[in-house]
Chemist: 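Sharing a structure below in structure tokens format, with a few things to ask.
Keep in mind that what you see is a predicted model, and the values were worked out from it rather than measured. Order of the sequence lines sets the chain letters (A, B, ...), proteins ahead of strands, with each chain counted from 1.
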Amino acid sequence: MKIYLKFSTALLLFAASPFILTSFHINLLTEILIFGIFALSLNVIVGYTGLVSLGHAAFFGAGAYTAGIIAQNISANLLFTLGGAVLLSVILACIIGLFCLKVSGFYFLMLTLAFSQMVYSFVYQSTGWTGGSNGLSGIPNPILFGWELSNTVWVFYVVASLFLVVYAILGIITESPFGKVLVGIKENEKRLKSMGYHTNIYKYAAFVISGIFGGVAGALYTYFNGFIAPSDIYWTMSGTVLIMVLIGGAGTMLGPVLGAALIVLLETIVSTYTNMWMMILGAVFIIFVIFFPSGIYGISKDIFKGIQNHTVRPKVKNISNEKVS
Amino acid sequence: MYRTLENNQSTTLEVDKIDILIAQMVNGLSYGMLLFVITCGLALVFGILGVLNLAHGSLYMIGGYVGYSVTATYTQSFWLALLTAPLVVAFIALIMERTLLHYTYKLGHLSQVLLTLGVAYVFHDIAKIIWGTNVLSIRVPESLAGSVSIAGQLFPLYRLVIIAVGIVIAVGIWWVQNKTRWGAIIRAGLSDREMIGALGVNISLVFTSVFVLGGILAGFGGVVAAPILGLYPDMEFQTLILALVVLVIGGLGSIAGTFTASILVGVLETFGRYLVPELSMFLVFTLMAIILVWRPNGLLGKQVAEG
Amino acid sequence: MLQIKNLNAYYGESHVLHNLSLKVGQGQVCAILGRNGMGKTTTIYSIMGMVPKREGTIEVAGRNMVTAKSYHISKSGVGLVPQGRRIFPNLTVKENLLTTKTNTENGWKHDDVFKLFPRIEERQHSMGGNLSGGEQQMLSIGRALLTNPKLLLLDEPSEGLSPLMVQEVSKIIRQLKQAGLTMLLVEQNLAMAKEIADYIYILNKGRIVFEGAVEEFNGDIQKKHLSLSS
Amino acid sequence: MYEETILEVNAINKRFGGLEILKEVSFDVSRGERIGIIGPNGAGKTTFFNLLTGDLTPTQGTIAFHGKHITNEPNYKRTRRGIARTFQKNNLLEKLSIFENLLLVLQRKHGIKSTWFKVRNNRSYRALYEEAEALLETWGLHGRRNTKVENLSYGEQRQIEIMLGVATDPSVLLLDEPTAGMSQSETDYIVELLKNLPEALTLMIIEHDLDVIFGLSDRMLVLYNGHVLADDTPEAIRDNQQVNEIYMGKARVV
Amino acid sequence: GNSAIQQSGGSGGEADASEDKVKIGAILPFSGVYASLGKDLSDGMKLYFESVDWEAGGKRIEMIEEDTGADPQEALKRTRKLIDQDDIDILTGAVSTAVAYAIRDEIVTNKLPYLTSHAGGNDLTREQKSDYIWRSSFSSWQIGNSMGKWAYENIGDRIYVAAADYAFGREVSAAFMESYKEAGGEVVGQVYPPLGNNDYASYLTTIRDSDADGVYAFFAGSDAVRFVQQYEEYGLKDKFQLLGSGWLVSEDLRESIGNAAEGVHAASFWDYNLENEENGKFTEAYEEAYDRRPTIESLEGYDAARILVETIEALDGDVSDPEEIVKAMAAVEFDSPRGPFAFDQNTHHVIQDMYILETIQEEGRTENSMIDQIENVQDPGK
Ligand SMILES: Nc1ncnc2c1ncn2[C@@H]1O[C@H](COP(=O)(O)OP(=O)(O)OP(=O)(O)O)[C@@H](O)[C@H]1O
Ligand SMILES: Nc1ncnc2c1ncn2[C@@H]1O[C@H](COP(=O)(O)OP(=O)(O)OP(=O)(O)O)[C@@H](O)[C@H]1O
Ligand SMILES: [Mg+2]
Ligand SMILES: [Mg+2]
């Protein structure tokens, strides 16, 4: 019940925002939601399965470029472009996953990086389709049921609804028995195998799911921006989204979204005041690691728990006495 | 290449080709050794501290810039730069380890990645404030400035010296890691910090030393590479990615692996540029992918037994 | 040699040891008994400085070590055979032994350990993580001996050892005792504990519920403090 | 006891590099047997288990389960066939609670498909919860169901280890030193629990606690230096001179 | 105002609260590989604005700078911010061509007058041209084409081409080859190392083996430093004449390059040592203000600022109508430090003189000196 309440509130808030916010802020919010989806998708493998990828931009880029190229050459119909983006992300994830899941830990990180850089090189070199280093510009606005989404507000509504859908889907997946298995894999894969789980299949499924929603985020970014650059598929993009997940709180649903919001806001706001925004961003990372290692989500939870502890329970509890035997 | 050969109707074509291959081989070797000089500090710190130091590129950059300041501004001596820059970087590494990294050992790899990336960002802007955004470069010292002819082809002497420097460093690190008690203690500390403390080893001190040593190597690499690669904004991230690739291809925790991988990447990139110039960037990552799929722990990485 | 007064130990919010006091005299061997989860290991780790929060006093050879770092404690002559062995899995057997700081010139040496456990010598180039459970236990004991401690803490040293090996280890401990080494022993193998210890403490839920010379420890006490209903 | 042979081990060999750890071990197991495995440290007992469960594959030889070759089958498939194990060294999902550990086992046991993608208040999932609660009750762990495993003492973790093995509801259960690190009273409790397992369940136990092993087994296997030194009734093993020499020493079974 | 109303209201014309100001947005890289170019452009603009006391047509000039890095996406975001939040009247800047293309559509739909002050991609004033986009800097065609014919006449009929592998590098070399071949020369080889490549040894070894008369190279920034240095180290300097664009031996790089730069021939539309009255004034003022020599980018900034000021002057400070701004801008003509300056009314791209420079050794340092001049180079617009 509570869940539905939360969702309706979010829905109402989103519906109302264009009437409250300026278009600059709507743009900002749209971007946050897109990166929120992107971070959520990465979180499936990083936060839940414990596979840290530094190549997630490959899916974002694949989704973005596919949507853009389809819109330019075939049809700007949103269902078409989004469908194409999803299809290509699936194929890409299936291929990359096949190789990357053979390794683990830091090697996984680097192998995903390698594949995404290969995709990057491909995009960069295929000047004819992708515009190469100049990027792909002049992409027509998406069309939904014959309606051209020509302004920020429409795009925002599309992004916001898809965000809610993705959030719900991923929420259900991670809460499901399947999600529990992923968490188990992150904890102790060997034991899970002994329990009878074919862990490779689970990891592969998680990887593909993660890739799909990465692609969705990419396609949305194309609708939002009307322009795609190779930098969207570069490793720095993978790095940024990984940071969003880590700073927000890996392995939680809300965390990555909060992380995306923080990073997008910081980049936008800080860089209007100073050219030294990298220093400030860096300082924020450091502060998080040293003082709030469990991320934004962790902070809010700690604060919440702190209040509870002070009011409800004594601070030190005696575990030994709890034992029932 | 084919274009060139088509136009070259002479009968010495075969000989030329072999000369070129030899020349490219030497190029590859020297580039590979340059990669090794740059990467070894990262490899050391990751291989034995388990810390993926994303600020390694920044330390390398600071080494280069300090080296520049020493040669260009205060004195004119490359050798003095080679001495002071690593020390300055070592000091920075010391501060970094004691005040920041120190807290993250218990938090795990990801926190360290985030932390060191943050540090790299901060250093990026600090370097910009101090040294500006222009492209700078260190002049090769007179004594190493000339060129040497090998197989009828000219090579800068400095490049050949780098090959020697790389080998010396490799042997040095290998010796410390394998032939001294140090190596064992550090690797033990990696798997169970608490326990190594209970055996009477002040592991934080050891960790600090290793990190500082990594800093020294980074600073040294910065000065050595600057005459070839130059100093410019964003150099640290370019270098970092390349270093990570070399590190992974070689296999974590193995200096011999890093050494092998440096040469492999150096030679492959050089020949890649020669044969398929547009794809050289693609090639390195493909190499990494192939190697990892074939050997999931890199070329010489050890499969660490589970406890 | 070791004197603990009013020790309280915590893991985060959970308070595990409550005003624990115990004493091990020079050359004495004391055993701590108790059911699972009663705080035995926590006591050992507290002495070794490995529990995050400790209050009270822990005096080793007259010096209060309650706030000291564990390497410091080790250097002042405390050796540890931890529960679960805690071998370094990524090091070979030989390297595992190499990691210890040998405090004195004329004490235990690598060869002595090998002589004691020939099995370990055979496996000296194997990775620690690949050893069998019992082999790891031997290595763990050998590693602690190499620190040439004045006070040796043994947390279930017989776990995973074959009966024959248990007798062997028991013999070694008695020899060490004879040589004057002070020891604090946690053991589930009551027979072994009784054979070695001079004095016995029983822990229950982080409190000492019985202490007395080994002769005072009998079936009744065992039933009263060590059975499930307690 | 049942006459049906369920597990046939045929001349298996295991090498690690130059070390030959198991040599020509052959061995049959009938349904419902309670087999105790003893042997000096490093004899190869755990390795033998690893071969049976698929955590390792033999260098030579074959393993058949219900007449089907499973020699090279991965461990998860064997678990689904009903071969479950516990580990000598605690091998748990440390950051998860006791309850979550258990839930993962049960979820797999009932087939992930029946619970796939179903949220908590779904019926089949609720049934799972109830089963888990009941198991925790039996093991006296109900009060600590939400405690993270890493916050348990060593002996307590050993209990979870066994509980997870039993919870799979296997037809063959391999226990690697189940009571090591447990106090006497907990040991007694566990032994009692094991004795009450269904009769059709096949049990193989490695244990250095002679009371435990002799109390539980109806057949005993002695491994020595990688080969089977003796395979006999507990009584015969007790009197076996050689076993006494290499393994038990002066220790006597009480 | 909220975005829903703004969007549906359509006009987007809000009352300008700051009637007495003209807001100029500048998107420039202050971080990343182009950071130094951004800084120089910014300094050049400020120098000129300072000289008119930040006033034009009776209004105060307010310049809002946004850091784009080298990242077009970032630039797009910044541009949106300038449009939506700061409500700027005119936009200028863009170092990277990709940035210019990225913001192009946004500018056109918002009818925002934009003066491109560096980015050189040809299409910006060809297929992608727009009433609102005017370019005062250069096009890649201008840079490459000017050297082609000259190289054939003065260097030889066989040339090897090397250029950084990105759109701009490809365009410059294509323009060069087009005019070089047209003049009768033969391109004996081409190679395109990646942008930001750090070791040219392999490429140079290949080139060394060819039988060309010269090498035409397009590299900029750190690539240029490495290329020119290694060109000498690998002994190519003695074999082939090195030709390139002004960026190969630009003012801020030559000190790092050192003596290796000596003898390079480069094509540019401006140089520090150009001898004309305006340039004398400009370089002197710049050195006085910043204590370093101006670069090509400084000049571009200086000129851009001047164009903006003259536009506003011509409108008497009334910048409310973008069409009027564009019209006024198109008419700007003046004597720039680079020589006579005027826009091509068809392409909206600058018509300017190109200079062939030679780098020489002088008093222990290298200097560029003009050895030839090609007048009124006009982009063909196709
Ligand atoms: N992965 C491995 N690599 C190399 N040697 C191994 C490996 N695993 C086990 N061994 C060796 O094989 C031998 C048998 O090990 P195993 O764990 O089977 O013994 P065990 O009978 O269970 O002994 P314990 O009673 O001490 O547990 C040991 O000497 C051990 O060192
Ligand atoms: N890291 C920890 N965090 C929180 N609680 C802990 C931690 N380690 C142990 N505990 C709790 O502290 C209590 C005492 O644990 P301790 O390990 O000292 O018991 P023990 O007597 O050694 O038991 P065992 O015989 O099982 O080894 C137990 O209730 C345990 O759950
Ligand atoms: Mg214990
Ligand atoms: Mg075993």
Chemist: Are Phe38(A) and Phe60(A) an aromatic pair by the rule of ring centers under 6.0 Å?
Modeler: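 Aromatic pair counts; centres sit under 6.0 Å.
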Chemist: Pick one of side chain, backbone, both or neither for Glu161(D), based on which atoms fall under 4.5 Å of a heavy atom in chain A.
Modeler: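 For Glu161(D), the contact with chain A is made by backbone and side chain together.
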Chemist: Can you classify the ring geometry of Phe99(D) versus Tyr129(D) as parallel (below 30°), tilted (30 to 60°) or perpendicular (above 60°)?
Modeler: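 Answer is perpendicular, since the angle exceeds 60°.
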Chemist: Should the pair Phe178(A) and Tyr202(A) be assigned to parallel (<30°), tilted (30 to 60°) or perpendicular (>60°) ring geometry?
Modeler: parallel
Chemist: Using 30° and 60° as the class limits, which term best fits the ring planes of Phe99(A) and Phe115(A): parallel, tilted or perpendicular?
Modeler: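 Parallel: the ring planes of Phe99(A) and Phe115(A) meet at under 30°.
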Chemist: Heavy-atom pairs under 4.5 Å with chain A - which of Thr168(D), Leu103(D), Leu164(D), Asn101(D) has more of them than the others?
Modeler: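 Greatest number of close heavy-atom pairs with chain A: Leu164(D).
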Chemist: Let me know if Leu92(D) has heavy atoms under 4.5 Å from chain A in its side chain, its backbone, both or neither.
Modeler: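 Both backbone and side chain.
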